[in-house]
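Just below is one structure, and these are the notes that go with it.
Note that ligands are numbered from 1 as they come in the structure, with each ligand's atoms numbered from 1 the same way. A quick note: this is a predicted structure, and the numbers were derived from the prediction, not measured.
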Amino acid sequence: MPGTAFQLEVSPTLPDRLSRLEELANNLWYSWDRPTRTLFARMNSRVWDAVGHSPKAFLKRIDQRQLDAAADDRPFLSNYLKVLSAYDSYHDSKVGINGNRLLGDQDLVAYFCAEFGFHESLPIYSGGLGILAGDHCKAASDMRLPFVGVGLLYRQGYFFQTIDSHGHQQAAYADSDFTDLPVSPVLDARGAPLCVNVGLPGRDVRVKVWEARAGHVRLFLLDADLPENGPADRDITHRLYGGDRTTRIEQEILLGIGGGRALAAMGLKPTVWHINEGHAAFLVLERVRRMIHDGLPFGAALEAVAANTVFTTHTAVPAGHDHFSREMIERYFTGWCSETGVPPTHLCALGEAVGSHDFNMTALAIRGSRFHNGVSQIHRGVSARMLAPLWPQIEPDENPIDGITNGVHIPTFLADEWGELFSRQLGSGWTARVTDPASWSGVHEIPDQQFWSVRQSLKSQMLHLVRHRIARAHSRNLGSDAHLDRLLRHADPDNPNVLTVGFARRFATYKRAMLMMEDLDWLREIVSDPARPVVFIFAGKAHPADEPGREMIRRIHEVAAMREFEGHILLVEGYDLRLGRRLVQGVDVWLNNPIYPLEASGTSGMKAALNGVINLSVLDGWWDEGYDGDNGWAIKPVHDGLDEAERSRDEARTLYEILQDKVAPLYYARGPMGYSPGWVAMAKRSMATIAPQFNAERMLRQYLTRFYAPAAEQWRQHSVDGFALSRRLGEWKARVHAAWNGVRLRRVDSAAQRIRFGEGMRFEVALQLNGLDPADVAVEVVFDRRELTGDPQERRLMGLKPQHALDTGEHLYAIELDPDWCGRMDYRFRAYPFSARLTHRFEMGLMCWL
Ligand SMILES: *Cc1c(COP(=O)(O)O)cnc(C)c1O
């Protein structure tokens, strides 16, 4: 169109009667309360869709007349009051649901993450990590934990995805208008927007602090796009995971250092700091700087900071861990080094990782925290092995990496239709018992017919959205109507009776979206059986720089366009939280087939199970814990010895066999009522067994009891008397490190190799302490029971007691043993530094074996 377009936005005024709509629009509570969202959507669904489901933007764009009409519409008003009453009772109740007595009034948990996925209206997330962080905050609000989140406010969130007629992904980025987002500036004491300064080489960057509310939780978001910053600095928070290495380090400095300063500027004093993934690890350096400024030496400062820091790793491959060149670190932290007096070599040592010269953010996070975890039990083991060099003398099985399996926020991902049914079936208080398996066993009492009718209704809603998205793409790509009918012939919302398998997630290589296309002949046989047709629905984004990821999309598009697969394979564009929610609620089977053991946890399958969708998944991540033999289907990963192509072939064969022999026959074993009783039984089992375990409340309770409460307590102990404990611990560790190389064990006794049950024996070892105190070292005998196969079956540890000094300068340790078992054992002696002040007994990574 010729001419210049000038812009004008005319916003309506809220009628008095509806004034609290603004409050509802400014609290992310709406992201898990569907009635609130429906309230907005009902006023004008076209505007609602046009503003991307942002209540705040909606209130700026809806017509005045429509608002006025709503204010006079009785049914609307009664809905409005119902929503407000639920909102108020949620916010007025400060009572913790689950043991927040573990944290005191003065406690505060600060949770740092590079992305947060609450709702599609706040586009500052890209995938699983962000959604998990959002769920963590939502559960913290439900549990009334003293909790704040810290992240970055990106001008452009993750991109909008379209797929063209050749299957090429097009990434469109749009600037967010922050006045459309549910955020507002934090104000300082004088009522001006609060800003903090962060030093970058040669300049200070000013960072503005925004706040989003999510129920009881406040989320602080940092923004560098201010007129007083130079153009390059304004761009630091431009795009989530955008830019180059420089952007990345500057974003991470803003998050860690700026985040720490923002909390301090608001007078908040967290007693627990949680670093969620390595991006935020510079927080450790900011806190160390402040402790040194307050007079602590470096070693003590690090002890104090680590004492109440929690670090969660989400990555299963070394390449997934963020790292920067040392030169870069030295350049960016020149000011830090001169202010603290810590030499650059000491700083760089904090990020040292075996096999690389680079500064590793995971290594920094581990060295700066005493509580660390992976996000499933398999991932615990993978991380423990991957990070083993950080505790060089400790076996991976015993090092301090813990495992807390992820969980999902039930109110966010459970369809409302289920919520209503559960209130009738499990009792109205079911939301307060979501971690109780006994409560969920009530699912089995739901009449099959009712269960099935909810399933069908959700499937129908999902198919509506899928059809809409496909039709939109089809028309944009200039496809014909006749062809569209063909594409959508098995996706009929009025007749949702075709077995539908969903696969939606980031198109990352290890997730192997292509696995099911390994053997197209076999696949064709499965999907086109006239008596038992199958539809696959794919959705997901590839990172724009990820060529193999984009190639996967292209290839799926290509196969979907083959005549024999038309209508059987649907590729839906524009994956986001909304489409994700619909898919996990609406398909019949949720498919996940990553390369074992690279799926750290995965969470989408948990969302599916909540909604009565059955999982078919590789036994990796959470599914290895969730699968019980009867609540879904499992693909056993093919272990070692095969190359990747062979593994994929083998696992694809298993996948086809399960689909053909198990899934389709069960789904289509329809009885007279129109559904398969066996299918409903399995869907119920899946829901009843998975929901109580893989929800965010269970997850957060574990963080609370294993990490947050002990960390807060440890912080109290450290901080008394000017951090006397941190100082003592720092000095003690330095002394132990210096002496450890000279510590030696020597066997003194000559105990028998065979004894009879009931006979006692005495073990004695001499320990060369090399100047350490006998109480500084623990000496243990480790028994490994060997069955005939030679597998270590059972481990027993027994401590030897210090006796007296020997003439040799050694110290004698001994134990009287009276074994209460029979059989053959291997035993070994070992010594390691001991102090009751350590968080984990092997945190120093030192061990001396005899
Ligand atoms: C749950 C969720 C994910 C995580 O998916 P996985 O397949 O479990 O990794 C990613 N994106 C969105 C939008 C989600 O809701």
Side-chain angles (χ1 to χ4, degrees), residues 31-32 52-53 113 115-136 138-139 157-161 240-241 277 314-317 320 375-376 378-379 405-415 462 465 469 501-513 515 537-543 549 552 572-587 589-611 613 615-618 620-626 632 690 694-696 699:
S31 69
W32 68 94
H53 298 187
C113 191
E115 49 171 316
F116 285 90
F118 282 89
H119 186 250
E120 56 271 23
S121 60
L122 185 55
I124 54 170
Y125 64 92
S126 80
L129 177 68
I131 314 291
L132 180 88
D135 281 7
H136 199 103
K138 291 169 180 178
Y158 213 44
F159 63 93
F160 299 92
Q161 177 199 47
L240 170 61
Y241 303 141
E277 194 52 304
H314 293 262
T315 322
V317 279
V375 290
S376 69
I378 289 180
H379 185 236
T405 305
N406 285 341
V408 298
H409 187 239
I410 292 178
T412 299
F413 291 103
L414 184 75
M462 177 276 295
L465 181 60
R469 291 266 170 111
V501 181
F503 185 105
R505 47 182 60 84
R506 278 184 307 120
F507 279 111
T509 321
Y510 77 88
K511 294 187 182 255
R512 280 196 305 197
L515 187 75
I537 300 182
F538 285 92
K541 292 175 179 174
H543 190 284
M552 285 200 279
V572 189
E573 66 181 22
Y575 184 58
D576 65 359
L577 253 169
R578 175 173 179 228
L579 180 59
R581 272 197 312 270
R582 282 274 185 241
L583 289 172
V584 295
Q585 292 171 357
V587 299
V589 174
W590 193 254
L591 177 66
N592 192 17
N593 45 38
I595 302 176
Y596 172 92
L598 301 187
E599 183 78 304
S601 165
T603 49
S604 56
M606 305 173 187
K607 305 167 190 169
L610 276 184
N611 286 287
V613 175
N615 278 276
L616 193 189
S617 181
V618 168
D620 193 10
W622 80 279
W623 187 233
D624 187 58
E625 298 157 53
I690 291 165
F694 298 95
N695 63 68
M699 168 179 78

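- For a threshold of 3.5 Å applied to N or O pairs, the pair formed by Thr603 and ligand 1 contains at least one separation below that value.
- Residue Ser604 has at least one N or O atom closer than 3.5 Å to an N or O atom of ligand 1.
- Taking atom 12 (C) of ligand 1 as the reference point, the nearest protein heavy-atom neighbour is Tyr575 OH, 3.3 Å.
- Below 3.5 Å of separation, one finds no N or O of Tyr125 facing any N or O of ligand 1.
- No hydrogens or angles considered: nothing links the side chains of Glu115 and Tyr158 as a donor-acceptor pair under 3.5 Å.
- The aromatic rings of His409 and Trp32 sit perpendicular to each other, their planes meeting at more than 60°, with 30° as the lower class boundary.
- Under a cutoff of 6.0 Å and an axis angle of 45°, Arg505 and Phe503 form a cation-pi pair.
- Note that Lys541 lies outside the cation-pi zone of Tyr575, set by a 6.0 Å cut-off to the ring centre and a 45° limit from the axis.
- Scanning the protein heavy atoms around atom 10 (C) of ligand 1, the nearest turns out to be Gly128 N, 3.6 Å.
- Residues Glu599 and Arg512 are not paired through a salt bridge, judged by the lack of any N-O separation under 4.0 Å between the basic side chain and the carboxylate.
- When Arg506, Lys511, Lys607, Arg505 are checked for heavy-atom proximity to atom 3 (C) of ligand 1, Lys607 turns out nearest.
- Side-chain contact between Leu129 and Cys113: present, with at least one pair of heavy atoms (C-beta onward) separated by less than 4.5 Å.
- Listed by atom number, the atoms of ligand 1 under 4.0 Å from Gly602 heavy atoms are 8 (O).
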